[in-house]
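Reviewing the structure listed below.
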There are 2 protein chains.
Amino acid sequence: MNRKVSAITTDTFPSEMRTSLGRNLTYGMLDVIGRAIVIGEYDNVAFPTEAELARKHGVSRAVTREAVKMLTAKGLLSARPRQGTIVQPQSSWNLFDSDVLHWLLERKFSVELLRHFNQLRVAIEPEAAALAAMQATDAERAAIGAGLARMVAAEAGADNTLAADIAFHVAVLEGSRNPFYKQFRDMVASALATSIHFTNRIKGRSASIEDHRAVYDAILKRDSDGARCAMRRLIGDVLILIGEAEVTAKS
Amino acid sequence: MNRKVSAITTDTFPSEMRTSLGRNLTYGMLDVIGRAIVIGEYDNVAFPTEAELARKHGVSRAVTREAVKMLTAKGLLSARPRQGTIVQPQSSWNLFDSDVLHWLLERKFSVELLRHFNQLRVAIEPEAAALAAMQATDAERAAIGAGLARMVAAEAGADNTLAADIAFHVAVLEGSRNPFYKQFRDMVASALATSIHFTNRIKGRSASIEDHRAVYDAILKRDSDGARCAMRRLIGDVLILIGEAEVTAKS
DNA sequence: TTCATCTAATTATCATATCTATCTGACTTT
DNA sequence: AAAGTCAGATAGATATGATAATTAGATGAA
């Protein structure tokens with residue numbers, strides 16, 4: 001094809017830009033190249049040199065280098081003199097980086113990805129609920145309750161269903177009082193955002209609120225085993241739905 | 001104090017340098033500044049401007065900017081015109097980034113951190129073992145067996161205990177066939193490397209090999225519940241040890 | 001073949017200049 | 001007063017051109 005790559009300018013892209021912070025040439029280029037890598041645009045093609053990248057996107061080499069450096073920090077690239085810049089295998093990407101997650105979901109969505117997501121959630125969230133039952137402060141327990149209240153309100157149309165769901169699950173993570181668990185904020189939010197389109201279509205979520213309440217009640221009673229089981233049931237249901245959908249898709 | 005910061009040169013630091021790839025000025029500066037941030041050197045002090053950083057470390061502004069950009073990509077910094085560069089709260093650091101992990105462990109080690117580590121492992125690894133029991137390929141099962149064999153050899157002094165332990169646990173993660181689980185390679189390796197000094201001192205690990213073998217056997221038999229329980233027992237023991245150690249340390 | 005050496009390509013670094021966003025404070029307007 | 005407008009100062013953002021360092025690959029000798 002050899003289509004011309006449109007030049008990056010501060011005016012062009014900021015609207016559709018999706019990245020952690022800032023809106024300037026460097027972050028714009030980070031976004032464009034990161035997305036291109038994730039969708040596999042360079043899988044069978046050599047990655048361009050610094051100079052080529054700069055020319056193609058109409059920016060200076062300094063900006064190009066900074067964007068490339070950020071992508072190496074996220075594990076997508078590596079650069080060496082003479083060898084050039086090369087795309088790293090997916091196994092070394094920082095999948096928990098929120099930019100990488102967004103690129104993956106935006107352009108590379110698949111039911112398999114959703115299953116991988118939820119296979120992780122079924123490990124993390126029940127344990128987080130168990131920790132929260134033991135260690136959460138009163139304020140953190142209240143936040144979980146508030147999330148549940150929002151879900152009830154959403155049922156009646158007074159709040160956003162997705163936002164309420166995310167608030168609940170994030171509050172549980174926060175209640176674990178473990179910084180590593182809190183890291184899964186973005187991941188859980190993304191998983192919920194993508195799976196809501198999915199699960200809604202397959203099955204009504206009327207039972208969902210009662211399941212969430214079971215988690216909350218167990219946490220309030222400081223019943224860590226109960227919280228773990230209730231949360232596991234909640235996510236296990238989603239996994240089953242996904243499994244069925246996958247089988248259906250194949251036949 | 002106002003001590004003079006030694007200039008970064010390609011000759012000075014490569015020996016003690018700890019970072020993902022490359023050994024040049026940019027990566028050296030990344031390492032130096034990253035470590036300084038993690039140990040809290042800038043908690044009560046304003047972070048220097050680009051120009052100051054460059055001058056203090058004896059490198060150009062381009063190198064400084066690239067290092068800063070990498071640190072923003074890892075979530076440690078953010079930069080805005082006029083406001084300057086500022087250290088982000090720890091909640092937005094990418095804790096699963098292997099550089100960040102190393103900085104944390106090297107300079108900011110604490111029993112609490114070790115407990116947080118293992119609270120995460122107790123969520124991840126049992127579920128990974130369960131997945132491996134269901135989905136691992138023959139080659140992946142063999143790799144788990146090989147890890148166990150190395151542990152037995154290490155018992156007899158024919159292999160490195162730590163390396164063998166890591167090999168086993170990493171092989172289980174690989175067997176999960178889920179890219180998100182595989183991301184915990186570095187984390188598990190770090191956790192084992194730091195906890196081995198610890199657990200060894202408290203209690204002999206003679207029973208450890210039998211516990212590992214139980215995991216392996218369950219995976220071979222495709223018994224996912226058995227694998228999950230066996231792995232949970234394995235890490236649960238470590239958590240108990242740490243909990244006791246913390247109580248002892250406080251008294 | 002095998003090893004050492006050279007060459008060229010590509011990243012790495014530097015220095016400098018200019019541009020742009022943003023804060024501050026003074027001034028003006030209403 | 002309260003709100004709007006302008007000027008200066010500051011710090012990051014971008015561009016550019018030159019030079020250094022690294023190393024894959026070609027070349028050539030043993």
Side-chain angles (χ1 to χ4, degrees), chain A residues 6-15 17 19-33 37 42 45-73 75-88, chain B residues 6-14 17 19-33 37 42 45-73 76-88:
Chain A
S6 59
I8 296 176
T9 72
T10 14
D11 298 325
T12 330
F13 55 50
S15 46
M17 214 179 70
T19 187
S20 34
L21 303 158
R23 29 198 84 204
N24 48 38
L25 293 188
T26 303
Y27 285 97
M29 195 164 193
L30 165 69
D31 196 48
V32 170
I33 303 182
I37 293 172
Y42 297 109
V45 195
F47 196 83
T49 65
E50 261 182 30
E52 283 174 315
L53 275 179
R55 187 170 39 75
K56 277 191 200 169
H57 294 89
V59 295
S60 71
R61 284 206 337 279
V63 167
T64 305
R65 283 183 58 82
E66 285 168 17
V68 166
K69 276 277 144 55
M70 294 187 78
L71 286 166
T72 70
L76 305 201
L77 292 176
S78 80
R80 289 170 59 196
R82 169 73 211 198
Q83 183 196 31
T85 307
I86 59 180
V87 175
Q88 292 290 101
Chain B
S6 59
I8 296 177
T9 71
T10 13
D11 297 325
T12 330
F13 54 48
M17 212 179 71
T19 187
S20 36
L21 303 159
R23 30 196 85 207
N24 46 39
L25 294 187
T26 303
Y27 285 97
M29 195 164 193
L30 165 69
D31 196 47
V32 170
I33 303 182
I37 293 173
Y42 297 108
V45 195
F47 195 82
T49 64
E50 267 182 22
E52 283 173 316
L53 275 180
R55 189 169 38 74
K56 279 191 198 170
H57 294 89
V59 294
S60 71
R61 272 185 77 191
V63 167
T64 305
R65 281 183 60 81
E66 285 169 19
V68 167
K69 276 279 146 56
M70 293 187 79
L71 286 165
T72 70
L76 305 200
L77 293 176
S78 79
R80 287 172 57 193
R82 172 74 207 196
Q83 181 196 30
T85 307
I86 58 180
V87 175
Q88 293 289 102

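Each chain gets a letter, A, B and so on, in the order the sequences are listed, and its residues count up from 1.
- Rounded to whole angstrom, the span from the CZ atom of B:F47 across to the P atom of D:dA11 amounts to 14 Å.
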Check the interface with nucleotides 24-28 of chain D: list each N/O to N/O pair with the protein under 3.5 Å, or write none.
{"from": "D:dA24", "atom 1": "OP1", "to": "A:R80", "atom 2": "NH2", "distance (Å)": "2.7"}

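- Shown here are the side chain to side chain donor-acceptor pair (under 3.5 Å) partners of A:Q83, two or more places apart in sequence or in another chain: there are none.
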Going through the distances and angles, do B:T85 and B:T49 end up as a side chain to side chain contact (heavy atoms under 4.5 Å, CB included)? CA-CA 6 Å; B:T85 307; B:T49 64; over 6 Å; no

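- For A:K69 and C:dT11, the shortest distance from a side-chain N or O to OP1 or OP2 is not below 4.0 Å.
- With no hydrogens or angles considered, no side-chain donor-acceptor pair links A:E50 and A:T64 at under 3.5 Å.
- Across all their heavy atoms, A:P48 and A:K56 have their closest contact at CG-NZ, 4.0 Å.
- The shortest distance between the side-chain N/O atoms of A:S60 and the OP1/OP2 oxygens of D:dT14 is not below 4.0 Å.
- Not one side-chain nitrogen or oxygen of A:T49 sits closer than 4.0 Å to the OP1 or OP2 atom of C:dA9.
- Rounded to whole Å, the distance from CD on A:E50 to C1' on D:dA20 is 14 Å.
- Between the CG atom of B:L25 and the C1' atom of D:dT22 there is a distance of 13 Å, given to the nearest Å.
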Evaluate the criterion side chain to side chain contact (heavy atoms under 4.5 Å, CB included) for residue pair A:M29 and A:L53; output intermediate values, then yes/no. CA-CA 10 Å; A:M29 195 164 193; A:L53 275 179; 4.2 Å; yes

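- In this structure, A:T85 does not reach the C:dT10 phosphate: none of its side-chain N or O atoms is under 4.0 Å from OP1 or OP2.
- Atom-to-atom, CZ of A:R65 to C1' of D:dA20 comes out at 13 Å; the value is rounded to the nearest Å.
- The CD atom of A:E66 sits 7 Å away from the P atom of D:dA13 (whole-angstrom rounding).
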Given the rule in the side chain to side chain contact (heavy atoms under 4.5 Å, CB included) test, do A:L71 and A:L30 qualify, once you have shown the distances and angles that lead to the verdict? CA-CA 7 Å; A:L71 286 166; A:L30 165 69; 3.5 Å; yes

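- Between B:Y27 and A:T72, the shortest heavy-atom distance links the atoms OH-OG1, 3.8 Å.
- Of all heavy-atom pairs between A:Q88 and A:S78, the closest is OE1-OG, 3.1 Å.
- Protein atom CE of B:M70 is 13 Å distant from nucleotide atom C1' of C:dA12, rounded to whole Å.
- Per the geometry, CG belonging to B:L53 stands 12 Å off C1' belonging to D:dG12, to the nearest Å.
- The shortest non-hydrogen separation linking B:L25 to B:V59 is CD1-CG1, 4.1 Å.
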Give me the distances for all protein-to-nucleotides 17-19 of chain D N/O pairs that come in under 3.5 Å?
{"from": "D:dA18", "atom 1": "N6", "to": "A:R61", "atom 2": "NH2", "distance (Å)": "3.0"}

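- Under 4.0 angstrom from either OP1 or OP2 of C:dT13 there lies at least one side-chain N or O belonging to B:T26.
- D:dA11 atom C1' lies 15 Å from atom CG of B:L77, rounded to whole Å.
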